[in-house]
Engineer: 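Pasting a structure here, questions to come.
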Amino acid sequence: MTRRGSGVPTYSVIDTFELRASWTHRHPELADFGEGLAVVVVLTGEADPMSWTGARVSVVRPDATCLELRIDRVEVGHGGATALMFNGLSARDVPRGSTVERIDVN
């Protein structure tokens, strides 16, 4: 985690993986999600990572281009890693090395 000038924490994307509808026989808990992208970050210091579901985030890619997205689902894994899941995206949209900042924080 780092902090930008605004004091809002930013998180580095440590991994991504694409979710395919054909995988649901191995992961039935994802059947209702459909296809999309899981973006793995470590939400250091976040009291409730699940509160990020539905949140708007700003993503800054390694090439310095930006986009705003809404998180469709959050899955918390082992060791503090959290997957922010986005419907309809691919690894090209949010590559490893990007940063994520929640922008709907009051």
Engineer: Compare every heavy atom of Ala55 with every heavy atom of Asp104, then report the nearest pair and how far apart it is.
Structural biologist: OD2-CA, 3.3 Å
Engineer: Ignoring hydrogens, what is the shortest heavy-atom contact between Val41 and Ser12? Give both atom names and the distance.
Structural biologist: CG1-O, 3.5 Å
Engineer: Between Val74 and Pro49, which heavy-atom pair has the shortest distance, and what is it?
Structural biologist: CG1-O, 3.7 Å
Engineer: In Å, rounded to the nearest 0.5 Å, how long is the span from OG1 of Thr65 to CG of Asp93?
Structural biologist: 10.0 Å
Engineer: Taking the side chain as every heavy atom from C-beta outward, state whether Phe86 and Val57 have any atom pair closer than 4.5 Å.
Structural biologist: yes
Engineer: Side chains of Ile103 and Arg56: does their closest heavy-atom pair fall under 4.5 Å?
Structural biologist: yes
Engineer: Mind listing the closest non-hydrogen atom pair of Arg96 and Pro62 along with its distance?
Structural biologist: O-CG, 3.6 Å
Engineer: Measure the CD1-CG distance between Ile71 and Asn87 for me, rounded to the nearest 0.5 Å.
Structural biologist: 12.0 Å
Engineer: Could you measure the distance from the CZ atom of Phe17 to the CE atom of Met85? Nearest 0.5 Å is fine.
Structural biologist: 6.5 Å
Engineer: Does Arg61 reach the side chain of Leu67, with side-chain heavy atoms less than 4.5 Å apart?
Structural biologist: yes
Engineer: Would you say Val94 and Leu69 make side-chain contact, with heavy atoms under 4.5 Å?
Structural biologist: yes
Engineer: Should Tyr11 and Thr99 count as side-chain neighbours, where that means a heavy-atom distance under 4.5 Å?
Structural biologist: no
Engineer: Which heavy atom in Glu18 sits nearest to a heavy atom in Ala91, and how many Å separate them?
Structural biologist: OE2-N, 2.8 Å
Engineer: Just one of Val59, Val39, Leu37 clears the side chain to side chain contact (heavy atoms under 4.5 Å, CB included) bar with Leu89, so which one?
Structural biologist: Leu37
